[in-house]
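These notes concern the structure reproduced below.
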Amino acid sequence: MGFTVEGFDHIVLNCRDVEDTASWYERVLGMRREVFGPSNRIALRFGDQKINLRPVGALADDPDWVTGAVEAAGSEDLCFVTRRSADDVRANLTGCGVAIISGPVTKLGALGPMTSHYCRDIDGNLIEIAVY
């Protein structure tokens, strides 16, 4: 008997400095910081989603916090969706001093055509901000 996955519960983002990463996502993308668990881990919340922030090297301090086969900050490509306009996205990124790598460009997302802007977070992860 099989099953079908229905969505993500959370993702874990390896980062060099949890505080710096959390601050960037709060300031640039409007996410909310959450402290959780007995070891006061940090997560970012937005909508019904959650990103746990894992410092590179955490396995040495906490053997229960396992990660992928390659522990690296800056290796992710993440796409976030907003209801704001593409012009608002561009203005916000520019206002926050974030360099726009590409955009606005039309891409095909999970729900169809979308307008995207691309930038990098402080670890170098590729961040796409899309508007349907």
Side-chain angles (χ1 to χ4, degrees):
M1 182 165 146
F3 63 91
T4 301
V5 173
E6 296 177 19
F8 286 104
D9 179 77
H10 68 278
I11 63 169
V12 178
L13 188 62
N14 287 311
C15 53
R16 290 180 189 92
D17 184 294
V18 169
E19 284 302 317
D20 287 349
T21 299
S23 293
W24 189 91
Y25 280 86
E26 287 174 304
R27 179 177 61 84
V28 176
L29 299 183
M31 295 183 183
R32 299 176 317 277
R33 181 188 305 234
E34 173 184 274
V35 178
F36 72 101
S39 57
N40 293 322
R41 294 179 182 175
I42 304 293
L44 298 164
R45 285 203 167 269
F46 56 103
D48 293 333
Q49 311 302 308
K50 181 177 159 182
I51 299 174
N52 293 342
L53 299 180
R54 183 188 179 282
V56 172
L59 187 58
D61 298 327
D62 185 351
D64 291 330
W65 201 344
V66 296
T67 192
V70 178
E71 178 186 32
S75 63
E76 301 300 321
D77 295 352
L78 304 171
C79 179
F80 298 103
V81 176
T82 182
R83 290 190 178 122
R84 300 301 299 259
S85 72
D87 289 340
D88 288 343
V89 170
R90 182 175 207 68
N92 183 72
L93 292 174
T94 302
C96 289
V98 175
I100 297 171
I101 296 169
S102 179
V105 293
T106 301
K107 296 292 181 172
L108 188 59
L111 302 177
M114 58 190 189
T115 302
S116 295
H117 285 84
Y118 290 85
C119 63
R120 294 198 185 279
D121 71 9
I122 62 170
D123 284 313
N125 294 300
L126 183 64
I127 305 299
E128 178 180 359
I129 305 158
V131 178
Y132 279 102

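All residue numbers in this chain count up from 1 along the given sequence. Just so we're clear, the structure is a prediction, and the values are computed from it rather than from any experiment.
Phe36 and Val18 fall into different hydrophobic clusters, where Ile, Leu, Val, Met, Phe, Trp and Tyr are joined by side-chain heavy atoms under 4.5 Å apart, directly or via other members. Trp24 and Leu78 end up in the same hydrophobic cluster when Ile, Leu, Val, Met, Phe, Trp and Tyr side chains are linked at under 4.5 Å. The same ILVMFWY cluster, assembled from side-chain heavy atoms under 4.5 Å apart, contains both Met31 and Val131.
The minimum heavy-atom distance linking Pro55 with Glu71 is given by the pair O-OE2, 4.1 Å. The two atoms that bring Gly112 and Leu108 nearest to each other are C-CD1, 3.4 Å, heavy atoms only. Residues Pro104 and Arg90 share a closest heavy-atom pair of CD-NH1, 4.0 Å.
Counting heavy atoms from C-beta outward, Ile11 and Glu76 have side chains that stay 4.5 Å or more apart. Asp123 has its side chain out of reach of Asn14: every pair of non-hydrogen atoms, C-beta onward, lies at least 4.5 Å apart. With contacts defined as side-chain heavy-atom distances shorter than 4.5 Å, the pair Ile127/Leu29 qualifies. The closest side-chain heavy-atom distance from Arg33 to Ser23 is below 4.5 Å. With a 4.5 Å cut-off on side-chain heavy atoms, Ile42 and Val35 count as touching. The shortest distance between side-chain heavy atoms of Leu44 and Leu13 does not fall below 4.5 Å. Between Arg120 and Leu126 there is a side-chain heavy-atom pair separated by less than 4.5 Å. Put simply, the side chain of Cys79 does not reach to within 4.5 Å of the side chain of Lys107, judged on heavy atoms.
Two rings, from Phe80 and Phe46, have their centers less than 6.0 Å apart.
Between Val98 and the options Ile122, Leu93, Ile129, a side chain to side chain contact (heavy atoms under 4.5 Å, CB included) holds for only Leu93.
The closest donor-acceptor contact from the side chain of Asn125 to the backbone of Ala73 lies at 3.5 Å or more, if one exists at all. Between the side chain of Arg41 and the backbone N or O of Asn52 there is no donor-acceptor pair closer than 3.5 Å. With hydrogens and angles ignored, the 3.5 Å screen pairs a side-chain donor or acceptor of Tyr132 with a backbone N or O of Leu111. Distance alone, capped at 3.5 Å, places no donor-acceptor pair between the Arg16 side chain and the Gly74 backbone.
The side-chain contact (heavy atoms from CB on, under 4.5 Å) search around Arg32 returns Arg45, not counting sequence neighbours.
Note that OH of Tyr25 is 9.0 Å distant from SG of Cys15, once rounded to the nearest 0.5 Å. With rounding to the nearest 0.5 Å, the separation of OG1 in Thr82 from NE2 in His117 is 12.0 Å. Interatomic distance, Ser116 OG to Ile100 CD1, rounded to the nearest 0.5 Å: 12.0 Å. Interatomic distance, Thr115 OG1 to Asp87 CG, rounded to the nearest 0.5 Å: 9.5 Å. Between Asp77 atom CG and Tyr118 atom OH the span is 8.5 Å, to the nearest 0.5 Å.
With respect to Lys50 and Glu34, a salt bridge is recorded, a charged nitrogen being found less than 4.0 Å from a carboxylate O.
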* side chain to side chain contact (heavy atoms under 4.5 Å, CB included) evaluation trace for Asn92 with Arg84 -> CA-CA 10 Å; Asn92 183 72; Arg84 300 301 299 259; over 6 Å; no
